[in-house]
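Numbering starts at 1 and runs along the sequence shown. Only heavy atoms go into these numbers, but all of them, side chains included; no hydrogens, no water, no symmetry mates.
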Amino acid sequence: MENYSQVSYFILVAYFDTGIFKYLYFLILLCLYVLIIISNVLLIVLICVNRSLHEPMYLFLCSLFVNQLYGSTGLFPFLLFQILKDIHTISASFCFLQIACGYYYATVECLTLAVMSYDRYLAICYPLHYNTRMTSHKVFLLVALSWLYSFITMIILIPLSAPLQLCGNTIHKVYCDNYSIVKLACSDTTVNNIYGLITVVIVIIIPLFFILYSYMRILKVCFSGSKQTRHKAVSTCTPHLASVINFAFGCFFEVVQSRFNLDNVPNMLRIFLSIYFLTCQPLFNPLMYGLNMSKIRIICKKSLFIQNKIEQRKVKG
């Protein structure tokens, strides 16, 4: 194969001709993106303006929602633009920018979910010492470390992948990802593979084990505790646990598609699996937390009640 020391663009071959249906797919994705923006922004504003929600759990949630806005914005505008195009190409510089955005989003998401499990562990296992152990300073530090560490790992990743000599410019997905670039390399990728394994262990495996350990301790307390303790654990941990499982499935789908040959899988299903963790997670979390967190529900009901009262007074006036 011909060697390319520099590739100016990549071809995204996962797209296929849908004819006039491309406008339907465009509208569906646009509606999903708008729904993601509205739901996440609504909860971010709700947490920021209500002092009763200025607690560690809700501040971690705010960080999670901000990250989901960032992650979905790194994907959806690009997908919407590509759906309407007849030729699906992406410049090399924009491809690496997209890799950086997706990688940063996934890393922050995983670390934030791990931090939230630690918060739930302290709240349920050490309720009397929770306020002294989870101070506002510690909340800020944990959030900052999650974002800063993710940024550092991303900053190291791109300079390792960008200089690779490539034997082609075809990516079998609807967006750019780092492993697809590494697979195209003609040059030695040992350093990239080692860094990838180290990052997977630190960013995914260790946080998931930490989450598992936290929930094992929480379950132990629940089985030996009172009914009130079990109710508190269920009400606050169910949304988080569902979010962790959903994100884990999304990461699993991404790894399977990157590492294995899925030519026998229908193209639409492959596309859905490849964008699952960047689309379903930002939509799933606001709905899950908004419906299950009692404080958020109560504040939403109060806001709607006040708004109705104001509108009624305007009509009467």
Derivation of the side-chain contact (heavy atoms from CB on, under 4.5 Å) call for L61 and I47:
CA-CA 9 Å; L61 274 177; I47 292 170; 4.2 Å; yes
Where is the tightest heavy-atom contact between [X] and [Y], given as atom of each residue plus distance?
{"X": "H88", "Y": "K85", "result": "CE1-O, 3.0 Å"}
{"X": "G168", "Y": "L184", "result": "O-CD1, 3.7 Å"}
{"X": "P286", "Y": "Q281", "result": "CD-O, 4.3 Å"}
{"X": "Y175", "Y": "S274", "result": "OH-O, 2.7 Å"}
{"X": "P207", "Y": "V201", "result": "CD-O, 4.3 Å"}
{"X": "S63", "Y": "W147", "result": "OG-NE1, 2.9 Å"}

Any non-hydrogen side-chain atom of [X] less than 4.5 Å from a side-chain atom of [Y]?
{"X": "P282", "Y": "Y105", "answer": "yes"}
{"X": "S117", "Y": "V244", "answer": "no"}
{"X": "V174", "Y": "Q82", "answer": "no"}
{"X": "Y15", "Y": "L79", "answer": "yes"}
{"X": "I181", "Y": "L166", "answer": "yes"}
{"X": "C95", "Y": "I171", "answer": "yes"}
{"X": "S161", "Y": "I99", "answer": "no"}
{"X": "F65", "Y": "L46", "answer": "no"}

Spell out, yes or no, whether [X] and [Y] are grouped together once hydrophobic residues are joined by side-chain heavy atoms under 4.5 Å, including indirect joins.
{"X": "Y213", "Y": "L241", "answer": "no"}
{"X": "V13", "Y": "L273", "answer": "no"}
{"X": "I11", "Y": "V182", "answer": "no"}
{"X": "L145", "Y": "L122", "answer": "no"}
{"X": "F252", "Y": "L208", "answer": "yes"}

Surrounding OH of Y130 (heavy atoms of other residues, nucleotides or ligands, distance under 6.0 Å), is the total greater than 12?
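Check passes, neighbour count above 12.
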Would you indicate whether I87, at its atom CD1, is surrounded by more than 12 heavy atoms from other residues, nucleotides or ligands within a distance under 6.0 Å?
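At most 12 heavy atoms, drawn from other residues, nucleotides or ligands, come within 6.0 Å of this atom.
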Rounded distance [0.5 Å steps], [atom1] in [X] versus [atom2] in [Y]:
{"X": "Q98", "Y": "S91", "atom1": "CD", "atom2": "OG", "value": "10.0 Å"}
{"X": "F21", "Y": "L27", "atom1": "CZ", "atom2": "CG", "value": "13.0 Å"}
{"X": "I36", "Y": "L283", "atom1": "CD1", "atom2": "CG", "value": "5.5 Å"}
{"X": "K183", "Y": "T189", "atom1": "NZ", "atom2": "OG1", "value": "12.0 Å"}
{"X": "I275", "Y": "C280", "atom1": "CD1", "atom2": "SG", "value": "8.0 Å"}
{"X": "L160", "Y": "I155", "atom1": "CG", "atom2": "CD1", "value": "11.5 Å"}

Check: [Y] main-chain N/O paired with [X] side-chain donor or acceptor under 3.5 Å:
{"X": "H54", "Y": "C48", "result": "yes"}
{"X": "Y149", "Y": "V203", "result": "no"}
{"X": "S146", "Y": "L142", "result": "yes"}
{"X": "T135", "Y": "K138", "result": "yes"}
{"X": "Y195", "Y": "T153", "result": "yes"}
{"X": "S72", "Y": "L69", "result": "yes"}

Which one of F26, F81, Y33, Y70 satisfies the ring pair (Phe, Tyr, Trp, His ring centres under 6.0 Å) criterion with F76?
Y33
What I want to check is whether the side chains of Y103 and S150 have a donor and an acceptor closer together than 3.5 Å.
no
Y104 and N67: side-chain donor and acceptor closer than 3.5 Å?
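No, N67 and Y104 have no side-chain donor paired with an acceptor closer than 3.5 Å.
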Please lay out, stage by stage, how L80 and L84 fare under the test side-chain contact (heavy atoms from CB on, under 4.5 Å).
CA-CA 7 Å; L80 293 169; L84 297 179; over 6 Å; no
Under the side-chain contact (heavy atoms from CB on, under 4.5 Å) rule, what do N285 and E109 come out as? Steps first, then yes or no, please.
CA-CA 11 Å; N285 278 345; E109 191 82 2; 3.4 Å; yes
Here's a test for you: under side chain to side chain donor-acceptor pair (under 3.5 Å), which of R120, H240, K220 qualifies with Y215?
H240
Suppose we call two aromatic rings close when their centres sit under 6.0 Å apart. Are F272 and Y276 close by that rule?
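Yes, the ring centres sit under 6.0 Å apart.
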Side chain to side chain contact (heavy atoms under 4.5 Å, CB included) partner of F78, chosen from I83, T73, I90
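For F78, the side chain to side chain contact (heavy atoms under 4.5 Å, CB included) test succeeds with only one of I83, T73, I90, which is I90.
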side-chain contact (heavy atoms from CB on, under 4.5 Å) between Y58 and N50, worked out:
CA-CA 11 Å; Y58 298 103; N50 288 276; over 6 Å; no
